[in-house]
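Right, one structure below, let's go through it.
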Amino acid sequence: MAHPSSTTPTKIIPPLTDELDIVIPTIRNLDFLEQWRPFFEHYHLIIVQDGDPTKTIRVPDGFDYELYNRNDVNKILGPKASCISFKDSACRCFGFLVSKKKYIFTIDDDCFVAKDPTGKEINALAQHITNLLTPSTPNFFNTLYDPYRDGADFVRGYPFSLREGVPTAISHGLWLNIPDYDAPTQLVKPRERNTRYVDAVMTIPKRTLFPMCGMNLGFNRELIGPAMYFGLMGDGQPIGRYDDMWAGWCCKVICDHLGLGVKTGLPYLWHSKASNPFVNLKKEYKGIYWQEDIIPFFQAVVLPKECTTVQQCYIELSKQVKEKLGPLDNYFQTLADAMVTWIEAWDEINSQPKAVSQSTTPPKSVSQSTTPPKKEESSPKPK
């Protein structure tokens, strides 16, 4: 009797492994990556070390990564490094700047793999990719939410002329356990936890702003990357914890102008650590007042039709920030200047040739006199 021949199971390679970077800002060892290993091990990581550049950050074996600290930021950007925040997670946008990939997923180091209501672990990265690769519907709301998901479609009355949708620029994920609250809400609800898993993805309608959270975020770098600037926060600045929201407001008005979409909802991850509400209040208190002027400003922004690229839109937005928000506080004058510096840095860095796939050394990021840190691979990936 013939025995069936043994076959080796086909190894499934996840999508976009050569087109997506994972950006992680951190001040500590990245042990949290062990839980994400099944989902992240095929992707390239860009780690932006905040704080003391002499501190050694440990990365678990088997991950392909580049690690940049503040000394690297200063060396690569020179005087333009002033636009990159220090001692704040806003430093993550440096990773967006030096990436050569089409897509970015960024995650905080206190976020872990969540489980859906059936107990299955959620592959957050795969859901972000699905969101980004399917269209958005910002011009007409679909009451079954994302019509491109399995088991859903456009409902009766949805205009056929709008069913093609628009390209998706941003995929905004959510969190179970510790909610992303501001300091006053943290103080009055110190024990509140988010246990509600809502199985939905929806497009944020056109001309509607939202508070973007950077701890679980995917975006198409080619479509919206130059606007994904997390502002001036942290050390030496009068405000913190508004970095991702500032980027979200800028991105949303530019997406609306250029006909791009923003999705929110799935995927969820597990946010494990509540930050100190008293420390947060010190960082946020000016922003809590200022946002009552900032939000109406963004709601009223009109970008001229001559602005047809993200860079043109962002420079125009910086001018309006200086003109309309500058009188509120000198900080916005400085921020507007930093927005221009960011675009100059983006254009300079991204005028360099793209990295060759599987290259062991990243391309030079600026002039020939400066060399970025060598791409590292801690050890061969486990088979």
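For the numbers below, each heavy atom of this structure counts, side chains included, while hydrogens, waters and symmetry mates do not.
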Identify whether the distance between the nearest side-chain nitrogen and carboxylate oxygen of R149 and D199 falls below 4.0 Å. yes
Keeping to residues at least two apart or across chains, list the ring pair (Phe, Tyr, Trp, His ring centres under 6.0 Å) pairs with something in residues 144-169. F140-Y158, Y148-F154, F154-Y158
Ion pair K102/E19, N-O distance below 4.0 Å: no
How far apart are the closest heavy atoms of C307 and L258, and which atoms are they? O-CD2, 4.0 Å
Between CE on residue M202 and CG on residue N142, distance to nearest 0.5 Å: 10.5 Å
Expected output: side-chain T106 to main-chain L217 donor-acceptor under 3.5 Å: no
Calculate, to the nearest 0.5 Å, the distance between atoms CD1 and CD1 belonging to I84 and I76 respectively. 10.5 Å
How about Y242 and W290: are their ring centres within less than 6.0 Å of each other? no
When the ring planes of W246 and F298 are compared, do they come out parallel, tilted or perpendicular, using 30° and 60° as the limits? perpendicular
Would you check if the side chain of E323 reaches a backbone N or O of K319 as a donor-acceptor pair within less than 3.5 Å? no
The residue among D108, D50, T26 that forms side chain to side chain donor-acceptor pair (under 3.5 Å) with R92 is D108
With a 3.5 Å distance limit and no angle check, can you tell me whether Y229 reaches the backbone of Y314 through a side-chain donor-acceptor pair? no
Residues at least two apart in sequence or cross-chain that pass salt bridge (Lys or Arg N to Asp or Glu O under 4.0 Å) with E192, listed by chain then number, are K189
Under 4.0 Å between a Lys/Arg side-chain N and an Asp/Glu carboxylate O for D21 and K100? no
Under 3.5 Å donor-acceptor, E284 side chain and A183 backbone: yes
Side chain to side chain donor-acceptor pair (under 3.5 Å) partner of S171, chosen from T134, N220, N131: N131
Could you tell me whether a side-chain N or O of H128 sits under 3.5 Å from a main-chain N or O of P267, the two making a donor and an acceptor? no
Please identify each residue that fulfils salt bridge (Lys or Arg N to Asp or Glu O under 4.0 Å) with R191, with sequence neighbours left out. none
More than 12 heavy atoms of other groups within 6.0 Å of R58 CZ: yes
Sub-4.5 Å side-chain heavy-atom contact between W36 and L125: no
Is the number of heavy atoms from other residues, nucleotides or ligands under 6.0 Å of K87 NZ greater than 12? no
Would a distance-only check, ignoring hydrogens and angles, find a side-chain to backbone donor-acceptor pair under 3.5 Å from K252 to F210? no
Please answer whether the main-chain N or O of W175 pairs with a side-chain N or O of N194 as donor and acceptor at a distance below 3.5 Å. yes
State whether a side-chain donor-acceptor pair under 3.5 Å links E316 with Q312. no
Exactly one of F94, F96, W249 clears ring-ring contact (aromatic ring centres under 6.0 Å, His included) with F230, and that residue is F96
